[in-house]
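A quick write-up on the structure given underneath.
We name chains A, B, ... by the order of the sequence lines, and we start the count at 1 in each one.
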Amino acid sequence: MAKRHAAPKGTRDLLPPETAVWARVESIARRVFGLYGYREIRTPIFEETELFQRGVGEATDIVGKEMYSFVDKGGRNLTLRPESTAAVCRAYVEHGMQQLPQPVRLFYIGPQFRYERPQKGRYRQFHQIGAELLGGKGAESDVEILLMLVAFLRELGFADLRVLVNTVGDAESRAAFRGKLVEYLAPRKDQLGEESARRLVTNPLRILDSKSPEEQALLAGAPKLEESLTARSREHFARVLSSMEASAVPFRIEPRLVRGLDYYTNTVFEITSEGLGAQNAICGGGAYEGLVDALGGPPTYGVGFAIGEDRLIEVLPPSSPARDVPRPVIVRAVPWGRRLPSFAFEDADASGRFVELLRARGIPALDFEWGDAKRAYAAAEAYGSEWVVLIGEDELSADRQTIERVVLREVRTRHERRLSVAEAMDQLSETGPKALG
RNA sequence: GUGAGUGUAGCUCAAUGGUAGAGCACCGGACUGUGGCUCCGGUCGUUGUGGGUUCGAGUCCCAUCACUCACCCCA
């Protein structure tokens, strides 16, 4: 036998029936985002490496050690996208979207790539559903995008969401705070771990969300970011908080929430969920005021989020509407009737015609070759079907060219009825599976 | 990149260092002529891979790969 292959490390095949849930989650995302006036953007799956270096930031782990980079045959340095915000901003600039009525509202759905050790909820190819609002005015944009995010998650059936909000201040606030923080930590450098000691130089703010108890104890006495906020940042955050309170979406201020991407300014947020192990964030985002500018566009206010679709589906409530996937009606011609064994292929054709009638009514249906009813039940189980239609000789017309009746059986209750074709059609139209978008 | 655990049939798992098995699933047949039952039979394995110890390795040792979980970090 030839060598067998496995999906590359950190990647996986998504198979039915799970893929139907993915399709439903994405279709619900499109619907909800559409309600807020957001439209889909599809950017390339790879970009110039430099885009991410400039956009995401050299100091981030993503750029520093997690990029899938390669050189193509033309000598170009390219990278499989590790996130999509930078690409969306690149497209905004490239296509002159600042000339459209502002703000521009965009969403995207697709795979992302980061070279990391896989674990629960973390893959090298993973999928994000995200949205970006570009050219907005500030706090109200932050709130709009947060409310849309929560609306989407509620549509998916999430009841208890932990929405964490914080501000990291604008560039000026951060520069001031950075100075104070380094001033406090530098003399205490020996109390920091290796990683945090390095960050003291590269990205001191990141030390704040360290999980180490020793470092947290040390940080208890450190200057607070809040105290370094400029009046502008302070006002921005106050407006976000008051709008959020008015919205009736429960949230919590999490002062230690910093986020790992360099481009965030002012508002940052995160939504976490139980049941995901160590990787408990299903969604993160925030505002970025300098990104479009840094990518050669005009100064533009941006805010967005990214949802980890893999994680989202991992913790999807059992009752989620996204689990309402079409389960085909199983139709089978069975060897019942006194004239066996003449009952055969032409009757299987008859079942095929019945299936086409169901499909024409928008009812997903699947037929099997003539044979034992046992197979029909096995198939119903495999497809999660709720209805089985059986057609025996007695259900056919005298010349056996037409189906007059069918036996309609509900799998769950084992209750069955012998109905005319029209009655069965009506019953299935009413309570049967629908071809969902 | 670091650490721990696990690799036996498509799936779930057995097998004291001594002939690689069971259940489920799948395929075929018998039976059943309102039927998911029952019975018979069948396909599927270089025990992740490569070395070593041994008369003999699924089992012990080393390496390697993969998976899982955690660190780091993030979605």
Side-chain angles (χ1 to χ4, degrees), chain A residues 1 3-12 15 56 59-66 81-85 108-130 149 193-196 198-199 203 206 209-212 257-261 264 268-273 276-286 304-315 330 332 334-341 343 371-382 385 388 390-395 407-418:
Chain A
M1 242 202 309
K3 180 179 183 290
R4 296 231 259 172
H5 298 273
K9 189 183 184 75
T11 70
R12 56 186 183 150
L15 306 172
V56 180
T60 62
D61 283 9
I62 291 178
V63 171
K65 58 186 193 191
E66 296 173 3
R81 62 183 186 197
E83 59 103 59
S84 285
T85 300
Y108 60 86
I109 298 174
Q112 318 285 338
F113 305 85
R114 292 182 198 171
Y115 188 89
E116 301 181 272
R117 283 284 282 271
Q119 67 184 71
K120 189 176 181 67
R122 194 172 73 186
Y123 306 96
R124 288 184 173 182
Q125 176 176 341
F126 61 105
H127 303 79
Q128 285 186 334
I129 299 175
L149 171 59
E194 197 181 327
E195 188 65 33
S196 291
R198 184 162 45 247
R199 289 217 177 95
N203 199 347
R206 292 302 311 288
D209 61 0
S210 158
K211 284 177 190 163
S212 147
L257 180 62
V258 175
R259 307 214 52 75
L261 279 61
Y264 287 122
V268 293
F269 52 86
E270 188 170 291
I271 294 180
T272 61
S273 168
L276 274 172
Q279 313 303 319
N280 64 354
I282 57 176
C283 172
F305 63 76
I307 300 166
E309 191 175 4
D310 307 76
R311 293 179 186 179
L312 185 73
I313 288 171
E314 180 86 16
V315 293
I330 304 296
R332 186 155 223 218
V334 289
W336 302 336
R338 287 175 290 278
R339 282 177 287 180
L340 275 172
F343 184 90
D372 198 334
K374 175 179 177 175
R375 289 281 151 62
Y377 296 122
E381 199 167 313
S385 301
V388 171
L390 300 171
I391 303 167
E393 185 174 330
D394 290 349
E395 279 69 55
V407 174
L408 179 63
R409 177 152 179 155
E410 192 176 5
V411 175
R412 187 174 53 80
T413 60
R414 302 192 176 196
H415 175 74
E416 70 179 29
R417 278 184 296 167
R418 196 154 173 259

May I ask you to test the R114(A)-I62(A) pair for a side-chain heavy-atom distance under 4.5 Å?
-> yes
State, yes or no, whether a side-chain contact exists between Q112(A) and P82(A) at a heavy-atom distance under 4.5 Å.
-> no
When you match R117(A) and R412(A) each to their closest nucleotide on RNA chain B, which lands nearer the 5' end?
-> R117(A)
Judged by nearest nucleotide, the residue sitting upstream toward the 5' end of RNA chain B, P118(A) or R418(A), is R418(A)
Pick from I391(A), L390(A), V388(A): which one makes a side-chain contact (heavy atoms from CB on, under 4.5 Å) with R332(A)?
-> L390(A)
Pick the [atom1] atom in [N] and in [M], then give their distance to the nearest Å.
| N | M | atom1 | result |
| --- | --- | --- | --- |
| C11(B) | U49(B) | P | 15 Å |
| A20(B) | G58(B) | P | 8 Å |
| C44(B) | A22(B) | C1' | 15 Å |
| A25(B) | U43(B) | C1' | 12 Å |
| G51(B) | U59(B) | P | 14 Å |
| C13(B) | C31(B) | P | 38 Å |
| A14(B) | C71(B) | P | 28 Å |
| G18(B) | C24(B) | C1' | 30 Å |

Calculate the interatomic distance between [X] atom [atom1] and [N] atom [atom2]; express it in whole Å.
| X | N | atom1 | atom2 | value |
| --- | --- | --- | --- | --- |
| R124(A) | A66(B) | CZ | C1' | 12 Å |
| R122(A) | C69(B) | CZ | P | 11 Å |
| Y264(A) | C73(B) | OH | P | 16 Å |
| R12(A) | C67(B) | CZ | P | 13 Å |
| F269(A) | C74(B) | CZ | P | 16 Å |
| R414(A) | U34(B) | CZ | C1' | 13 Å |
| E66(A) | C74(B) | CD | C1' | 7 Å |
| Y377(A) | U32(B) | OH | P | 18 Å |

Proximity to the side chain of [X] - top-ranked nucleotide from [options]:
| X | options | result |
| --- | --- | --- |
| E416(A) | C73(B), U34(B), A70(B) | U34(B) |
| K65(A) | C73(B), C72(B), U34(B) | C72(B) |
| E395(A) | C73(B), U34(B), G36(B) | U34(B) |
| K120(A) | C69(B), C73(B), C72(B) | C69(B) |
| N280(A) | G36(B), C74(B), A70(B) | C74(B) |

Going by the salt bridge (Lys or Arg N to Asp or Glu O under 4.0 Å) test, name the single residue among R124(A), R122(A), R12(A) that passes it with D310(A).
-> R12(A)
Assign E116(A) to base, sugar-phosphate, or nothing according to its heavy-atom contacts below 4.0 angstrom with the strands shown.
-> base
Start with the C-alpha distance between E395(A) and R418(A), add both sets of side-chain angles, then the distance that settles salt bridge (charged side-chain N to carboxylate O under 4.0 Å, His left out), and finish with yes or no.
-> CA-CA 9 Å; E395(A) 279 69 55; R418(A) 196 154 173 259; 2.6 Å; yes
Please answer whether the main-chain N or O of R409(A) pairs with a side-chain N or O of R414(A) as donor and acceptor at a distance below 3.5 Å.
-> no
Heavy-atom pair of closest approach, residues R311(A) and A281(A) | NH1-O, 2.8 Å
Contacts of R417(A) that satisfy side-chain contact (heavy atoms from CB on, under 4.5 Å) - sequence neighbours left out = H415(A), L419(A), Q427(A)
Go through the structure and list residues passing side chain to side chain donor-acceptor pair (under 3.5 Å) with S273(A), not counting sequence neighbours.
-> none
Any Q119(A) side-chain N or O less than 4.0 Å from OP1/OP2 of C69(B) | no
Respond yes when some side-chain nitrogen or oxygen of K9(A) is under 4.0 Å from OP1 or OP2 of C67(B), and no when none is.
-> yes
Applying the Watson-Crick and G-U criteria (both distances under 3.5 angstrom) with [ ] for crossing and | for other-strand pairs, one obtains for RNA chain B (((((((..((((....[..)))).(((((.......))))).....(((((..]....))))))))))))....
